[in-house]
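Quick caveat, the model's predicted, so the values are computed rather than measured. One-based numbering along the sequence shown.
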Amino acid sequence: MLLDTASMYFRAFFGVPEIKAPDGTPVNAVRGLLDFISRLVDEYRPTDLVCCWDNDWRPQWRVDLLPSYKAHRVVEEVAGSPDVEEVPDPLEVQVPIIRDVLDAFGILVVGADGYEADDVIGTLATGAGQPVDVVTGDRDLFQLVDDELDVRVLYIARGVGRHERVTNDWVREKYGIDARQYADFATLRGDASDGLPGVAGVGDKTAASLLGRHGDMAGIRAAALDPESGMGPGPRAKLKAAADYLEVAPRVVAVARDIDLDRSGTALPRTPRDPERLAALAEQWALTSPVERLTAVLSG
């Protein structure tokens, strides 16, 4: 089970009522994330669990390709380091607490410098050698769904308690494409939340139709340049106008699958690694109930 950790703690922060530790520090995101993990582990009993981390939420190599990528979320540009993302102050103070509690539990956190959590997930899901469940509220990760390799997404956009199990059939029913085409689909239609403009005038239906007829982005771009391809004048003109964008965007949207990562230590802990520290953190941050629930779930 690979967790898109930031996706989960953002949802916990906005979905769980404000709760404060004795010193007044908000801890709703910490509590919510722990309860999300408890619920998912209890339901699916994974042998391995990794909290995948954004070491760089807006990698420079993606920005170099497409400067608009997540640009609207930047509050401060930092030379030589990741830009500062717009994060509510009451959530930002909880992120170090989350790291401390996960470490005390012995739940592995994996990030990679210069890469997003999506890329860590893509790499760990590729060649995992076992069934994989990716937990996220981000549609971009639908591109990893692979029925043959038993990789699916547990999609939490409607809440962890109402999550959907995304398979290739689910993607085909929802969008009219196969999961392997999803990255090209997202490139064509765009995604304002990630600063992807897409191809002007191309929405879900047109993107799906183009992929159904031409297979992938390379086939679509070749057809747009081939007067004998049978592509209509409308889509052809739109694709030609977006040629510069289509030259770079597919590399921005595609998650990395080949980062050099240490794959050891992923086994789900059955008991907390550091019970004394965990107990101290639970007392300090008013986390006794969620810590007890997760401890009980891990013990089976």
Side-chain angles (χ1 to χ4, degrees), residues 1-9 33 36-57 59 62 98-99 102-103 105-157 160 163-172 174 177-186 216 250-270 273 294 297-298 300:
M1 181 172 281
L2 302 173
L3 306 184
D4 184 357
T5 317
S7 174
M8 294 176 69
Y9 66 61
L33 177 64
F36 290 168
I37 295 174
S38 293
R39 185 163 193 158
L40 291 161
V41 169
D42 189 42
E43 182 169 353
Y44 291 99
R45 307 309 306 180
T47 57
D48 299 78
L49 179 74
V50 180
C51 284
C52 301
W53 206 263
D54 280 318
N55 279 21
D56 191 340
W57 68 280
R62 283 193 166 105
I98 289 170
R99 290 295 297 257
L102 292 174
D103 183 65
F105 264 114
I107 294 173
L108 186 65
V109 175
V110 177
D113 290 346
Y115 292 95
E116 302 174 52
D118 286 9
D119 302 308
V120 174
I121 291 169
T123 296
L124 293 176
T126 301
Q130 60 180 313
V132 175
D133 280 334
V134 174
V135 182
T136 185
D138 186 351
R139 295 178 299 176
D140 288 344
L141 290 172
F142 292 171
Q143 65 186 275
L144 296 176
V145 170
D146 189 323
D147 290 358
E148 289 186 10
L149 297 178
D150 215 352
V151 177
R152 65 181 176 179
V153 166
L154 304 181
Y155 186 46
I156 61 170
V160 171
H163 68 267
E164 300 171 87
R165 299 181 182 94
V166 178
T167 62
N168 192 71
D169 284 346
W170 189 99
V171 174
R172 177 151 284 285
K174 179 83 171 177
I177 58 169
D178 288 321
R180 62 178 174 77
Q181 299 172 302
Y182 190 84
D184 287 342
F185 176 79
D216 57 18
R251 284 175 282 167
V252 175
V253 176
V255 300
R257 300 181 187 230
D258 57 357
I259 308 172
D260 184 14
L261 294 177
D262 182 357
R263 293 176 179 260
S264 63
T266 63
L268 183 74
R270 296 304 174 190
R273 176 166 56 194
L294 183 52
V297 167
L298 292 176

| task | Give the C-alpha distance, both sets of side-chain angles, the deciding distance and a yes or no for side-chain contact (heavy atoms from CB on, under 4.5 Å) between Leu268 and Met1. | result | CA-CA 9 Å; Leu268 183 74; Met1 181 172 281; over 6 Å; no
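Rounded to the nearest 0.5 angstrom, Glu164 CD and Lys174 NZ are separated by 7.0 Å. If you take CG on Asp184 and CD1 on Ile177, they are separated by 8.5 Å, rounding to the nearest 0.5 Å. Distance check: Cys51 SG to Ile107 CD1 gives 5.5 Å after rounding to the nearest 0.5 Å. The distance from the CG atom of Asp118 to the SG atom of Cys52 is 9.5 Å, given to the nearest 0.5 Å. Here Leu102 contributes atom CG and Thr5 contributes atom OG1; the two are 7.5 Å apart, rounded to the nearest 0.5 Å. Taking CD from Gln130 and CG from Asp48, the interatomic distance works out to 4.5 Å, rounded to the nearest 0.5 Å.
With sequence neighbours excluded, the residues that form a salt bridge (charged side-chain N to carboxylate O under 4.0 Å, His left out) with Arg172 are Asp178. In this structure, the ring-ring contact (aromatic ring centres under 6.0 Å, His included) partners of Phe142, at least two apart in sequence or on a different chain, are Tyr155, Trp170, Tyr182.
With a 4.5 Å cut-off on side-chain heavy atoms, Val109 and Asp103 do not count as touching. Using a 4.5 Å cut-off on side-chain heavy atoms (C-beta onward), Arg139 and Val171 make no contact. Contact check for Asp216 versus Arg180: no side-chain heavy atoms found under the 4.5 Å cut-off. Using a 4.5 Å heavy-atom threshold, the side chains of Val297 and Arg45 count as touching. No side-chain heavy atom of Thr266 sits less than 4.5 Å from a side-chain heavy atom of Leu124. Between Phe36 and Leu3 there is no side-chain heavy-atom pair separated by less than 4.5 Å. Residues Val255 and Asp140 are not in side-chain contact: their nearest non-hydrogen atoms beyond the backbone lie 4.5 Å or more apart.
A distance-only check finds a donor-acceptor pair linking the side chain of Asp147 to the backbone of Asn168 [under 3.5 Å]. Side chain of Asn55 to backbone of Tyr115: no donor-acceptor contact under 3.5 angstrom is found. Counting only distance, with no hydrogens or angles, the side chain of Arg152 and the backbone of Thr167 share no donor-acceptor pair below 3.5 Å. Side-chain N or O atoms of Asp119 include one that pairs as donor or acceptor with a backbone N or O of Glu116 at under 3.5 Å.
For the pair Ala117 and Asp4, the tightest heavy-atom approach, listed with the atom from each and the gap, is CB-OD1, 4.1 Å. Scanning both residues, Leu141 and Val153, for their nearest heavy atoms gives O-CG2, 3.6 Å. Contact between Ala112 and Leu261 at its shortest, heavy atoms only, is CB-CD2, 4.0 Å. The minimum heavy-atom distance linking Trp53 with Val120 is given by the pair O-CG2, 4.2 Å. Summarising the geometry of Met8 relative to Leu33, their closest heavy-atom pair is CB-CD1, 3.7 Å, with the distance given to 0.1 Å. Here the closest heavy-atom approach between residue Ser7 and residue Gly137 is recorded as OG-N, 3.0 Å.
Thr136 and Asp138 are not linked by any side-chain donor-acceptor pair at a separation below 3.5 angstrom, with hydrogens and angles left out of the test.
Salt-bridge annotation for Arg165 and Asp133: absent, with no side-chain N of the basic residue lying under 4.0 Å from a carboxylate O of the acidic one.
Other residues, nucleotides and ligands contribute at most 12 non-hydrogen atoms within 6.0 Å of the CZ atom of Arg39.
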